[in-house]
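Heads up: numbering here begins at 1 and tracks the sequence. Computed from a predicted model, the values in this text were never measured in an experiment.
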Amino acid sequence: MAASLVFRLHDRGPELVREVLLERGWEEYDKGERGEEDWNLYWRGSPFCNSQYRNLLPWQRLNHHPKTVGITRKDCLARNLKRMKAAFGSALYDFSPTTFILPSEYTRFLAEYNRLRMARGTSAYWIVKPVDLSKGKGIFIFEDIKDLVYDCAVVIQRYISNPLLISSYKFDLRIYVCVKSFRPLTVYIHQEGLVRFATEKYHLSSLHNLYSHLTNTSINKFGPFYKTEKGQVGKGCKWTMSKFRHFLQSQDIKELLLWQRINNIVTLTLLTIAASVPSSPNCVELLGFDILIDAKFKPWLLEVNYSPALTLDCQADVSVKKKLVGDLIDLMNYTSTDGLRDRAYQKCGYKQPFKANHPSAPVLSKLNHQKKRKGNKDSETQTLPLLKAPCQPAKMNKRQFKQCDFVANYQRRLPSVDFAEIHEARCRIFNTSAVKTHTDQKRNLIPGPDSRTNESALNRQSLPPLASRLMDNESLYVSDVTNHDNSETEAERERSGETDVSSSILDTQERGQGVRRGSQRPARIAVERTRGNGQHVPPVRVGDFIRTFPFNVATLKASQHKLDITTVLQEIHRLTARLISGQSDKMKSRGEEEVMADMDADNDFDSLLWGPKDPPLISQCFKST
């Protein structure tokens, strides 16, 4: 039986994550009872250090990708959006208000401030935010520059003074985004989110009234009108996204277009850092995108939140966040292999697997080098003695003997094949990984043969079949970090009635009840498929997480190896243009016709239009009538 999955929380929180995982039969990490690496999931609100990414073991996952500060810190986000706007034009990147970073850009801000006063006759409104604070701390709004006073680095933005109001109350949307991978870029957006309201009616005559202009729950829950009825808003300061959809149905707008524009904001923002984030297949990132909709139903990006709050302040939080965390765990796709993290290693007295930099690895490398010099014919006759030689007590100290005894124990768990081939393939893998580790450490990649990075997955195509079996064997050595589920084939799924990739997800009732405590069998969830050309296709839906990127064949190809941003931007523009023109309009150009023909030919790949309660497939939505 597999060992129970173990989670580790930094500083004892968040409590919601603990609750969800315990309901699913996980165990909490206890430093006094377990080894340093004896855990499956490490969750923390602050960033991990580089060494923690480098030393990850195959069964371990972290809840943060490295180097995402480029969009989660306000000044870095402003710089990256300006860079993309300069490189690809302002038409696509028009979703962020005019922004300046002070004090370094004070002169530029002053020139824009004076230009607007001269052009409009009246000054515009501006909002000031400290670059590295959250929960509304230090934010203020002003009209006259004499009120601009700051004592730290801030960003100053053009204030969107015409927000969409509900019963005269300002609101914004908290969109939950999970980045499963940056290389290739794989993005999911949760169907449920939060609508956060100010608790006093919006009015430009009261710029200093934070309860009127800010929507942060951490501020408004202390407001004098928090618990009172506020027209359609009701009590409190939050709606669920489902309730907001009901509101939109009463408005004369193109709902699909609004959702797609929000989806575009998420994708375009992530593209600003996608090429610079190191490959980290053992990581996921949950981000909170704050979106404001103006009176013309145009969405604006306010900021991107690192480690969005998972506290439960009201019933809306309970209904949204608990399912959000459960779906996020499903998206990590833990398998039975992850529960076997310590069976063999602890049996032999080791907490870490055998790696290329292991003390006994140089012995194997030296023997492998000698074998190659003797030639293939001679090496075949020498392989079995060489495997036994390192473990001979007369030639090794006690520690090396015990380590090689572990190697022998591990080899006995491999499929029944020729030991000569095993030794040859293992040495080839270790030697290759040792070279890659030296190079990849400069980029903060996860090194070693245990972590299945995108590059190692590509290298497997050039290895002999036996090497692939060694790397893919469902053993202690390999964890399914790229969401491949080898436990059942397509034919088996068809026999069980699972014809869609989303059908293997636990239903809502099962997820709500969780896995019975002590159960050793992990939940079955949506699996990643492989197309005929070798491209990996992430599941279209996991719980309420909808895959929003890649969203068609072109974007799948553009993100597989080196990210082709130009192609991605073209596909985003094409999809949005079709939504604007109408679902049943005929295609206008030969290029669009070829793209749709490609989609029909590759009907094993499709995506959902995120946003609506029952999201339609893109291919169905755009079929001409």
Side-chain angles (χ1 to χ4, degrees), residues 2-48 52 56-57 59-65 134-135 174 176-178 180 188 190 192-194 217-218 221 238 282-288 305-336 338-339 341-342 479 505-506 508-523 525 542-545:
S4 298
L5 296 174
V6 176
F7 66 93
R8 183 176 182 178
L9 298 182
H10 183 67
D11 291 339
R12 301 293 298 170
E15 183 60 35
L16 179 60
V17 175
R18 174 183 290 105
E19 178 184 342
V20 170
L21 291 174
L22 289 177
E23 286 181 357
R24 289 167 168 251
W26 287 55
E27 294 182 6
E28 186 167 5
Y29 176 82
D30 188 330
K31 188 175 183 179
E33 297 179 359
R34 296 183 178 275
E36 184 65 25
E37 281 80 28
D38 192 11
W39 49 267
N40 297 95
L41 170 62
Y42 192 175
W43 186 294
R44 63 184 298 165
S46 55
F48 294 95
Q52 289 173 304
L56 270 180
L57 297 173
W59 57 79
Q60 296 175 331
R61 292 167 178 65
L62 305 178
N63 71 313
H64 293 302
H65 283 279
S134 59
K135 300 181 180 179
R174 167 61 60 88
Y176 293 104
V177 177
C178 177
K180 189 67 174 64
Y188 289 83
H190 206 260
E192 272 298 356
L194 292 170
T217 304
S218 56
K221 67 181 180 181
K238 286 182 182 177
N282 292 55
C283 304
V284 297
E285 187 82 51
L286 180 65
L287 300 169
N305 291 269
Y306 187 84
S307 289
L310 295 175
T311 53
L312 304 180
D313 295 318
C314 61
Q315 185 56 43
D317 282 338
V318 174
S319 60
V320 171
K321 294 180 181 179
K322 188 168 185 178
K323 191 170 190 302
L324 170 72
V325 173
D327 291 342
L328 183 65
I329 301 303
D330 285 344
L331 197 55
M332 294 181 186
N333 196 13
Y334 282 93
T335 68
S336 58
D338 297 295
R341 64 193 175 281
D342 56 357
S479 174
I505 308 168
L506 292 176
T508 304
Q509 182 179 1
E510 290 174 340
R511 281 197 307 270
Q513 295 173 349
V515 179
R516 179 171 54 86
R517 184 180 296 276
S519 173
Q520 304 298 325
R521 184 176 180 179
I525 62 174
V542 178
D544 277 342
F545 272 112

Inset, instruction - Could you tell me which residues satisfy side-chain hydrogen bond (donor to acceptor under 3.5 Å, both in side chains) with R44, sequence neighbours excluded, listed by chain and number? - result: H10, S46
Legend entry - Minimum heavy-atom distance E285-H65, with the two atoms named: OE1-N, 2.6 Å
Inset, instruction - Please collect all salt bridge (Lys or Arg N to Asp or Glu O under 4.0 Å) contacts where either partner lies in residues 310-320, sequence neighbours excluded, each pair once. - result: K221-D313, K238-D317, D317-K321
Legend entry - side-chain contact (heavy atoms from CB on, under 4.5 Å) partner of L286, the single match among N63, V177, L328: L328
Legend entry - Nearest heavy-atom neighbours spanning L324 and F545: CD1-CZ, 3.6 Å
Inset, instruction - State the NE2-CH2 distance between H64 and W43, to the nearest 0.5 angstrom. - result: 8.0 Å
Inset, instruction - Assess whether side-chain contact (heavy atoms from CB on, under 4.5 Å) is satisfied between L21 and I329, documenting all intermediate values. - result: CA-CA 8 Å; L21 291 174; I329 301 303; 3.8 Å; yes
Inset, instruction - Using side-chain contact (heavy atoms from CB on, under 4.5 Å) as the criterion, point out the one residue from L331, D327, L287 that pairs with C178. - result: L331
Legend entry - From CG (L312) to OG (S319), nearest 0.5 Å: 9.5 Å
Legend entry - Q60 backbone acceptor or donor facing N282 side chain under 3.5 Å: yes
Legend entry - Within-4.5 Å side-chain heavy-atom neighbours: E33 and E27: no
Inset, instruction - Examine distances only and state if a side-chain atom of S218 and a backbone atom of K135 form a donor-acceptor pair shorter than 3.5 Å. - result: yes
Inset, instruction - Spell out, as yes or no, whether a donor-acceptor pair under 3.5 Å connects the side chain of Y29 to the backbone of N40. - result: no
Legend entry - Atom pair CZ/CZ of F7 and R18 - distance to nearest 0.5 Å: 6.0 Å
Inset, instruction - List the atom of K180, the atom of M332, and the distance in Å for their closest heavy-atom pair. - result: CE-CA, 4.3 Å
Legend entry - R8/E37 ion pair, N-O < 4.0 Å: no
Legend entry - Atom of G45, atom of S307 and distance for their closest heavy-atom approach: O-OG, 2.9 Å
Inset, instruction - Could you tell me the separation between the CG atom of D544 and the OH atom of Y188, rounded to the nearest 0.5 Å? - result: 13.5 Å
Legend entry - Least distance between heavy atoms, W39 atom then R61 atom: CZ3-O, 3.7 Å
Inset, instruction - Could you label the plane-to-plane angle of the W26 and Y334 rings as parallel, tilted or perpendicular, counting under 30° as parallel and over 60° as perpendicular? - result: perpendicular
Legend entry - For the student: nearest non-hydrogen atoms of L56 and C283, plus distance: CD1-SG, 4.3 Å
